[in-house]
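Structure first, commentary second.
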Amino acid sequence: MPESDPEMSARNITRFWEWGRKIICVGRNYADHALELKNAIPKEPVLFLKPPSAYVKEGSPILLPFYTSNLHHEVELGVVVGKGGTAIPQSSAMEHVAGYVLCLDLTARDVQEECKAKGLPWTLAKAFNTSCPISDFIPKEKIPDPGSVNLWLKVNSVLKQQGSTSQMIFSIPYLISYISEIISLEEGDLILTGTPKGVSSVQEHDELQAGIEDIKHFEVCHEVVFLIGALKVPLQAFPQSVSFSIHTANKSKLLYRHKQNHLTPALLLLSPH
Ligand SMILES: O=C([O-])CC(=O)C(=O)O
């Protein structure tokens, strides 16, 4: 695969979700989260995928799939790939990063448990429409040390998740190198790097707020805005805090019910309806 495709390069990386082709997710990358769900601490990264149809931007509703009664939030740092590659060495991995986003890996936990018990893939639990809410793009230079930023998430103003990316079992360079040996990375791909502990259930009409917090980073951010005064956009684009609300799923319920007609019997087993 060529490292840079001229057509792809003409695309705007700050709007990668409109054209990026893959979302590669890393599970159980924080020991405290692996343990809270009684999972073993992995010796190799646990990978799964979401399709680009999982993207939803801040402010738009998250749809609640009809087949779950236990939708969990998982706040994560997302790494946006700026330069593709295969078998990227760890030493040059960060050269392939264009920037970051704050993301949620929404998970239908009950469905995931059922899939785990049956040895089935997690697709229904992890890859449904709107299962990957993302913030605005954060340029790489705004987060000089992505291996040491604090992530937090509140549900209806109650703090649920808080953790530092320094707790990751597998670092960002390691993940880029490991993933790209198996799945070539392309410009516009997103890597979700795992979630710290504190995942919990969300209901219709709940409001989720998440942020990246790092004193040093805020100073850098303010300083940059100060220096380039008129350029307010980068500061606005930086999500000190973003909100997502879970909206009713009346529309989505109908949508999914309609789609239910097309589900295979194996999928229907998972449906309570
Ligand atoms: O569903 C899970 O617990 C696995 C996962 O995505 C994570 O650990 O970030």
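Order of listing sets the numbers, starting from 1, for every ligand and every atom in it.
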With Thr195, the side-chain hydrogen bond (donor to acceptor under 3.5 Å, both in side chains) member among Gln161, Glu76, His33: Gln161
Check: Phe128 ring centroid to Phe66 ring centroid under 6.0 Å: no
Distance-only polar pair, side chains of Thr193 and Asn29, donor-acceptor under 3.5 Å: no
salt_bridge(Glu36, Lys197) N-O dist < 4.0 Å: no
Asp189: partners by side chain to side chain donor-acceptor pair (under 3.5 Å), with sequence neighbours left out: Lys22
Neighbouring protein residues of ligand 1 - any heavy atom closer than 4.0 Å: Val26, Gly27, Arg28, His33, Leu37, Phe48, Glu74, Glu76, Asp105, Arg109, Gln112, Lys126, Gly194, Thr195
Short side-chain donor-acceptor distance under 3.5 Å, Asn39 and Arg28: yes
